Amino acid sequence: MKILIYGAGIVGCTYGWQLSEAGCDITVLVRPGKKESIKQEGITINYSDFRSGTKIVKEIVFRPKVIDYLSADNNFEYIIVTTNNLHLTEILLILKESAGQAHILFFQNMWIDDFYEIEKYLSPNQYFFGFPFMAGGGKENNVIHNAISGLKYSHTPLGEIDGAITPRVQKISDALEKANLKPMLYKQIKIWLITHYAVAAGLSAGIIMAGSGKAFSSDTKILRHTFKAIREGLEVCSTIGIDSKSEKSNKLYYLPLFIGTTIAKKVYSNEALCLMFDGHTQHAPDEMQKMLNDIIDCARNNNIQTPYLSDLSGKIKK
């Protein structure tokens with residue numbers, strides 16, 4: 001299976017490396033000027049893998065094929081878009097002209113407006129959705145530092161917008177299964193992605209305010225504040241027609257605060273999650289701020305008050 005990873009970021013390289021280990025033919029699309037150095041030096045990945053039940057720490061040099069230009073006559077079966085949410089329109093302009101016959105898998109944070117934006121440039125038969133929920137981290141001195149979660153509920157969501165289990169979804173699911181990245185097929189992937197956006201925005205802001213994932217998991221005051229902010233985001237989702245309560249992963253945030261925060265302390269103190277949280281909040285603060293702004297703006301347009309989200313947004317700007 002020939003796969004193009006669109007972007008040499010933390011998630012793209014981690015999933016690309018794991019898929020290559022599972023036998024896929026991986027190429028990475030990089031920014032102009034990066035191609036030769038990556039071809040010569042490869043991509044160094046320092047990782048902590050928790051999937052076996054014990055922490056395994058290793059460093060590898062990932063050496064995929066590398067291109068800096070996507071041609072419309074490409075022969076990729078899949079293009080997996082792993083860049084952050086800030087660059088979606090720029091990417092869509094390229095994909096509109098150059099995706100060819102490839103199936104496009106958007107592997108990003110997605111808000112309601114992003115689905116409408118994609119529809120402007122691509123036809124529905126060209127793309128489907130997923131999320132790299134298994135791995136995350138940061139980058140330092142050209143070395144990727146990441147964690148691959150071993151938690152029971154960690155997985156890789158996948159799905160068509162209409163919920164169909166199509167051959168293209170099943171095929172990439174099989175590849176991810178072989179790579180031990182725990183794919184899970186969703187009939188309501190749009191609901192999962194939009195409500196995850198709301199949860200991740202509040203959660204990331206809380207972690208930034210606390211200073212680290214570990215500090216966040218033990219700070220009852222910030223946890224309570226964050227839960228209230230997440231509830232505001234989920235209310236916005238419900239108002240725009242996204243049934244946040246139908247997604248079982250959101251149930252934690254609807255529990256009474258003293259119960260929810262007690263559970264959250266245990267869940268969020270997990271070492272793999274803390275490594276993922278810290279890497280992402282340190283590596284992508286601009287994306288985190290955009291996500292908060294998207295939800296607050298949507299709330300304002302629908303006459304919904306968001307005092308806790310607005311407070312978090314103001315504090316992390318400082």
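Predicted, not measured: the structure shown is a model, and the values here were computed from it. If you read the sequence from its start, that first residue is 1, and numbering goes on from there.
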Can you list the steps and then say if N75 with K2 is a side-chain contact (heavy atoms from CB on, under 4.5 Å)?
CA-CA 8 Å; N75 62 348; K2 290 179 67 65; 3.1 Å; yes
N84 side chain vs L86 backbone, donor-acceptor pair below 3.5 Å
yes
Look only at the side chain of T281 and the backbone of I208, and say whether a donor-acceptor pair between them is shorter than 3.5 Å.
no
Determine yes or no for a side-chain-to-main-chain donor-acceptor pair under 3.5 angstrom, with N301 supplying the side chain and D297 the backbone.
yes
Do side-chain atoms of S218 reach the backbone of A215 as a donor and acceptor pair under 3.5 angstrom?
yes
Quick one: do the T220 and K265 side chains pair a donor with an acceptor below 3.5 Å?
yes
Aromatic rings Y15 and F107: how do their planes relate, parallel, tilted or perpendicular, breaks at 30° and 60°?
perpendicular
Interatomic distance, CZ@R231 vs CZ@F227, rounded to 0.5 Å, equals 7.5 Å
Please determine whether a side-chain nitrogen of the Lys or Arg among K187 and E160 lies less than 4.0 Å from a carboxylate oxygen of the Asp or Glu.
no
In terms of side-chain geometry, is the basic nitrogen of E41 or R63 positioned less than 4.0 Å from the acidic oxygen of its partner?
no
Indicate the atoms forming the closest heavy-atom contact of E177 with P183, along with that distance.
OE1-CD, 3.4 Å
Would you say S238 and S244 are linked by a side-chain donor-acceptor pair, where the criterion is simply a distance under 3.5 Å?
yes
Just wondering, do C298 and W111 contact through their side chains at under 4.5 Å, heavy atoms?
yes
Would you say the side chains of E59 and N46 form a donor-acceptor pair under 3.5 Å?
yes
Is there a path from V81 to I3 through hydrophobic residues (I, L, V, M, F, W, Y) whose side chains come within less than 4.5 Å of each other?
no
Decide if atom CG of N142 counts as having more than 12 heavy atoms of other residues, nucleotides or ligands within a radius under 6.0 Å.
no
Considering all heavy atoms, the nearest N180-R51 contact
O-NH1, 3.0 Å
Indicate yes or no for a side-chain donor-acceptor contact from S313 to the backbone of L309 under 3.5 Å, with no hydrogens or angles considered.
no
Nearest heavy-atom contact between G100 and Q126 is O-NE2, 4.5 Å
Is D174 salt-bridged to K171, going by a charged N under 4.0 Å from an acidic O?
no
For S98, does its backbone N or O pair with a side-chain atom of N74 as donor and acceptor, under 3.5 Å?
yes
Do D219 and K221 meet the salt-bridge criterion of a basic N to acidic O distance under 4.0 Å?
no
Distance-minimising heavy-atom pair for I10 and T14
O-OG1, 2.8 Å
Evaluate the criterion side-chain contact (heavy atoms from CB on, under 4.5 Å) for residue pair M1 and I172; output intermediate values, then yes/no.
CA-CA 9 Å; M1 186 190 306; I172 197 70; 3.9 Å; yes
Do P285 and I316 have side chains that approach each other closer than 4.5 Å (heavy atoms only, starting at C-beta)?
no
Taken to the nearest 0.5 Å, the spacing of T27 OG1 from L4 CG works out to 6.5 Å
Give a yes or no on this: more than 12 heavy atoms of other residues, nucleotides or ligands lie within 6.0 Å of atom NZ of K178.
no
Could you tell me whether K58 sits above the aromatic face of Y47, with NZ or CZ closer than 6.0 angstrom to the six-membered ring centre and within 45 degrees of the axis?
no
Does atom CD (Q305) have a neighbourhood of more than 12 heavy atoms from anything else shown, all under 6.0 Å?
no
Centroid separation under 6.0 Å, is that true for the rings of F129 and F115?
yes
Begin with the C-alpha distance, continue with both residues' side-chain angles, and end with the deciding distance and a verdict on side-chain contact (heavy atoms from CB on, under 4.5 Å) for L185 and Q170.
CA-CA 8 Å; L185 303 182; Q170 189 61 61; 3.7 Å; yes
Can a donor-acceptor pair be found, under 3.5 Å and without considering hydrogens, that links the side chain of T239 to the backbone of E235?
yes
Distance-only, no hydrogens or angles: does the E247 side chain make a donor-acceptor pair with backbone N or O of T195 under 3.5 Å?
no
With a 4.5 Å cut-off on side-chain heavy atoms, are L203 and F216 touching?
yes
So how far is it from M288 CE to D286 CG, rounded to the nearest 0.5 Å?
10.0 Å
Within a strict 4.5 Å, meaning less than it, do heavy atoms of the L95 and Y121 side chains meet?
no
Drop me the distance from F131's CZ to L105's CG, to the nearest 0.5 angstrom.
12.0 Å
For K65 and D25: C-alpha separation, side-chain torsions, deciding distance, then whether salt bridge (Lys or Arg N to Asp or Glu O under 4.0 Å) applies.
CA-CA 9 Å; K65 298 173 185 175; D25 183 351; 3.1 Å; yes
Would you check if there is a donor-acceptor pair between the side chains of N109 and E287 at a distance under 3.5 Å?
yes
Could you check whether any side-chain N or O of S154 sits under 3.5 Å from a backbone N or O of G150, counting only pairs where one atom can act as donor and the other as acceptor?
no
Can you check whether I45 reaches C13 side chain to side chain, under 4.5 Å on heavy atoms?
yes
Over 12 foreign heavy atoms within 6.0 Å of CZ, F128
yes
Donor-acceptor check, side chain of E140 to backbone of H145, threshold 3.5 angstrom: yes or no?
no
Student check: side-chain heavy atoms of W17 and I144 closer than 4.5 Å
no
Of all heavy-atom pairs between A8 and V30, which one has the smallest distance, and what is that distance?
CB-CG1, 3.8 Å
Going by heavy atoms in the side chains, are T82 and Y6 under 4.5 Å from each other?
no
Would you check, one step at a time, whether the test salt bridge (Lys or Arg N to Asp or Glu O under 4.0 Å) holds for K290 with D294?
CA-CA 6 Å; K290 178 185 181 297; D294 285 344; 2.8 Å; yes
For the residue pair E117 and T89, confirm or rule out a side-chain donor-acceptor distance under 3.5 Å.
yes
Would you say Q101 has more than 12 foreign heavy atoms packed within less than 6.0 Å of its CD?
no
Is the ring pair H103/Y78 parallel, tilted or perpendicular, if the boundaries are 30 and 60 degrees?
tilted
In terms of the angle between their ring planes, are Y186 and H155 parallel, tilted or perpendicular, with boundaries placed at 30° and 60°?
parallel
Non-hydrogen side-chain atoms of L70 and F76 separated by less than 4.5 Å
yes
Atom pair CG/NZ of D49 and K55 - distance to nearest 0.5 Å:
11.5 Å
Between D278 and S212, do the side chains contain a donor N or O and an acceptor N or O under 3.5 Å apart?
no
Atom pair CE/CG of M184 and L176 - distance to nearest 0.5 Å:
12.5 Å
Apply side-chain contact (heavy atoms from CB on, under 4.5 Å) to the pair Y268 and I207, showing each step before the final yes or no.
CA-CA 10 Å; Y268 295 151; I207 292 163; over 6 Å; no
Does one side chain, of S269 or S217, offer a donor that lies under 3.5 Å from an acceptor on the other?
no
Of the non-hydrogen atoms in A201 and I295, which two are nearest, and what is the gap between them?
CB-CD1, 3.6 Å
Relative to each other, are the rings of W192 and H196 parallel, tilted or perpendicular (30° and 60° limits)?
parallel
